[in-house]
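Comments concern the structure below.
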Amino acid sequence: MFIADIRKDFYEVVANQVRLTLTLANIALFHCDQIQYTLVPVTGWQELGTAFLEHKEQIKLLIKQDDDLSVPSYDDIFRDEDEEGEDSGNESDEGSEPSGKRRRFDEGAVERRIERQRAKREWEARRREILFDYEQYEYHGTSAAMMFFELAWVLTKDTKDMLWWAIIGLTDQWVHDKITNMKYVTDIATMQRHVSRHNHRNEDEENSLSIDCMRISFEYDLRLTLYQHWSLYESIYNSCYTSCSFKLWTLNGQKKLQEFLADMGLPLKQVRQKFNSMDMSIKENLRDVIEESSNKYGMKDIRIQTFGVHFGFKNRFLASDMVHATAALLESAEKDDSETDNFIKALDALSRSNIDRLHSGIALAKKKLIAIQQTVASCICTNLILSQGPFLYCYLMEGTPDVKLFSKPMALTLLCKYLLKAFVHSTRNKRCKLLPLVMAAPKDVEKGTVIVVGIPPESETSDKKNFFGRAFEKAAESTSSRTLHDHFDTSIIELKTEDRSKFLDALITLLS
């Protein structure tokens, strides 16, 4: 059983109205009368068609209409069976003609059949090519958190907490480098309008000045990770942007950092203590002072558009602080913590009533960032990044400090992006600067598995499209490697340790 008119009832809805990304998108199914939401992951046409059939009367596809997803045209993907039925019907009609004319008609029917078969083969070959071009890349569209907030807004059910969670979802995409800078700025502008609307709406409310009030504000803040909850020196040292700009894994880089601090006129005693303990006279103009000195050292993007929140009168957090804290809690490597426990803790950290949990997440995030910075420095200084022809490759050996932390997908991906950026800043090989990076780390020693992640080349103009998902599938299939593809990002897989060598060889051959 299939949809009666697939073009009208299904394809045109997807391609023309909602522009759905089949490889990454989620379908939000909801009963319009009860407003119940369910997320159904979609990986291809077959799953999407099945979901459509099961929920045809109550389905709504949530996607940003202005997201350009380049969905192929209907005729390139689907072939109407009615045409074939008409052709076969014509042949049977021809068979009822008198025997004197049958041979002539049979010759014509054979020629038409051959022509149809040739056209069908060409169409199928073209279809495979189009689907391969469309499905070979993995990329992210508008944050699901933003989508659900806007849905709640349309239904007049939106709250300030939901707005803050939507901002966190968008910031997560930026922190983990999932969207382009242009997409981030565009979505920031959308969120800024909602923030202004909520702030204006709550101006006259009595609880706007209460001790447990929540105030969201647009910020043009520093690109220094967790600096308000750390010392300024440690934040500069462990932030990817500044660390790579100064090349802090070298002696010259550390010397340049000292010169940078001197140029700002900041005493070491001040920058090495917690931000909250710094003199108020220094903190008042700190952002402008840092921006001015950063421009001298080539860091023209030291400030970024973002949002901050005040919980009451004491607690202030940036959206990026929330992202790092919840990600650290979600992938905590502490003993006796299951994935379910970690998920609950990360969820608790999003609540303004559980500030202690959020602070514990920030503490874990600091340890994670220090581990990433130290691992990057070690990999660069010991030349662990190898050129394998079509890509760069790095493998963290068992026994590497903090290797257990990098058995988690988000932590390994963040390390991978940090490492590639650092490598691009340090190498003189122009060709290597244009290569993607594949990184592997031990996943489970007892089970004998490793986790593998691939990221596209480092570029300011990158469209953030990742081709490693399909490449990993093809390499595993051609070598019968035992892999597990159960991560949302297809560019992250688990692999048997003994299959790593043949898998890597197949990947090199495939991408050469």
Side-chain angles (χ1 to χ4, degrees), residues 167-189 191-192 217-249 253 256-257 259-261 263-264 266 271 274-275 278 282-309 316-328 362 365-366 368-370 372-373 376 410 413-422 424-425 458-462 464:
I167 290 170
I168 294 172
L170 168 60
T171 307
D172 173 78
Q173 290 187 315
W174 176 74
V175 167
H176 292 101
D177 202 31
K178 295 178 180 178
I179 56 176
T180 63
N181 187 62
M182 181 60 69
K183 172 66 174 171
Y184 174 71
V185 171
T186 302
D187 287 348
I188 278 286
M191 289 290 97
Q192 188 177 1
S217 59
F218 174 77
E219 307 278 353
Y220 194 51
D221 217 312
L222 297 172
R223 202 170 176 176
L224 300 177
T225 310
L226 300 175
Y227 78 94
Q228 296 180 5
H229 311 278
W230 219 345
S231 71
L232 186 61
Y233 181 86
E234 288 175 301
S235 179
I236 294 174
Y237 200 88
N238 294 291
S239 294
C240 177
Y241 181 71
T242 48
S243 178
C244 292
S245 297
F246 287 128
K247 302 179 185 177
L248 292 178
W249 51 88
K256 189 179 292 186
L257 174 58
E259 295 173 355
F260 174 72
L261 295 174
D263 184 78
M264 291 189 294
L266 299 179
V271 297
K274 283 196 172 184
F275 180 82
M278 292 177 68
I282 294 177
K283 289 197 291 185
E284 284 178 357
N285 301 316
L286 182 64
R287 295 174 183 82
D288 294 333
V289 170
I290 291 179
E291 183 177 24
E292 182 180 351
S293 295
S294 296
N295 289 332
K296 298 178 183 178
Y297 285 81
M299 296 183 292
K300 297 181 180 180
D301 299 323
I302 193 64
R303 295 182 79 164
I304 190 74
Q305 299 179 57
T306 185
F307 293 92
V309 67
R316 181 181 184 275
F317 303 94
L318 293 176
S320 58
D321 299 339
M322 304 289 292
V323 171
H324 284 288
T326 51
I362 289 175
K366 292 176 186 178
K368 175 180 172 181
L369 290 168
I370 292 172
I372 289 176
Q373 197 279 333
V376 167
M410 280 195 296
T413 303
L414 202 61
L415 170 64
C416 196
K417 292 180 182 294
Y418 194 156
L419 182 59
L420 181 58
K421 188 182 291 288
V424 168
H425 277 79
E458 171 66 25
S459 171
E460 293 182 358
T461 59
S462 172
K464 308 302 180 184

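Keep in mind it's a predicted model, so treat the numbers as computed, not measured.
Note: Q228 CD to L318 CG = 4.5 Å, rounded to the nearest 0.5 Å. For the atom pair K366 NZ and S231 OG, the distance stands at 8.5 Å (nearest 0.5 Å). For the atom pair CG of L224 and SG of C240, the computed distance is 12.0 Å after rounding to the nearest 0.5 Å. Between the CD atom of Q373 and the CD atom of E234 there is a distance of 11.0 Å, given to the nearest 0.5 Å. Atoms NZ and OH, on K421 and Y241 in that order, are 9.0 Å from each other to the nearest 0.5 Å. If you take CD on Q192 and CG on D187, they are separated by 12.5 Å, rounding to the nearest 0.5 Å.
The backbone N or O of W230 sits nowhere less than 3.5 Å from a side-chain atom of S235 that would complete a donor-acceptor pair. The backbone N or O of L248 sits nowhere less than 3.5 Å from a side-chain atom of S243 that would complete a donor-acceptor pair. The main-chain N or O of I304 is never found under 3.5 Å from a side-chain atom of R223 such that the two would form a donor-acceptor pair. At distances below 3.5 Å, at least one donor-acceptor pair connects side-chain atoms of T326 with backbone N or O atoms of V323. A donor-acceptor pair under 3.5 Å is absent between the side-chain atoms of Y418 and the main chain of L369, judged by distance alone. Remark: the backbone N or O of N285 is not paired with any side-chain donor or acceptor of D288 at under 3.5 angstrom.
Between T171 and A319, the shortest heavy-atom distance links the atoms OG1-CB, 3.3 Å. In terms of heavy-atom proximity, S239 sits nearest to T225 at OG-N, 2.8 Å. In plain terms, the two heavy atoms of I188 and L170 that are nearest each other are N-CD2, 3.8 Å. Between K464 and T180 the shortest heavy-atom distance is CG-N, 3.7 Å. Between L414 and H176 the shortest heavy-atom distance is CD1-CD2, 3.9 Å. D221 and T306 make their closest contact through CB-CG2, 4.0 Å (heavy atoms, listed as atom of the first residue, atom of the second, distance).
Below 30°, between 30° and 60°, or above 60°: for Y227 and F275 the angle between ring planes is above 60°, a perpendicular geometry.
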Practice item. Check the pair D263 / E292 against side-chain contact (heavy atoms from CB on, under 4.5 Å), numbers first and verdict last. Key: CA-CA 10 Å; D263 184 78; E292 182 180 351; over 6 Å; no
Point to revise | Steps toward side-chain contact (heavy atoms from CB on, under 4.5 Å) verdict (Q305, F218) | key: CA-CA 8 Å; Q305 299 179 57; F218 174 77; 3.6 Å; yes
Exercise for review: Begin with the C-alpha distance, continue with both residues' side-chain angles, and end with the deciding distance and a verdict on side-chain contact (heavy atoms from CB on, under 4.5 Å) for L261 and I236.
Suggested key: CA-CA 10 Å; L261 295 174; I236 294 174; 4.2 Å; yes
Practice item. For L232 and I290, run side-chain contact (heavy atoms from CB on, under 4.5 Å): C-alpha distance rounded to whole Å, both residues' side-chain angles, the deciding distance at 0.1 Å, then the answer. Key: CA-CA 11 Å; L232 186 61; I290 291 179; 4.1 Å; yes
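Of the candidates F246, Y237, Y233, F246 is the only one forming a ring-ring contact (aromatic ring centres under 6.0 Å, His included) with F260.
The shortest distance between side-chain heavy atoms of D172 and K178 falls below 4.5 Å. Using a 4.5 Å cut-off on side-chain heavy atoms (C-beta onward), T413 and D177 make no contact.
Taking 4.0 Å as the cut-off between side-chain N and carboxylate O, R316 and E219 count as a salt-bridged pair.
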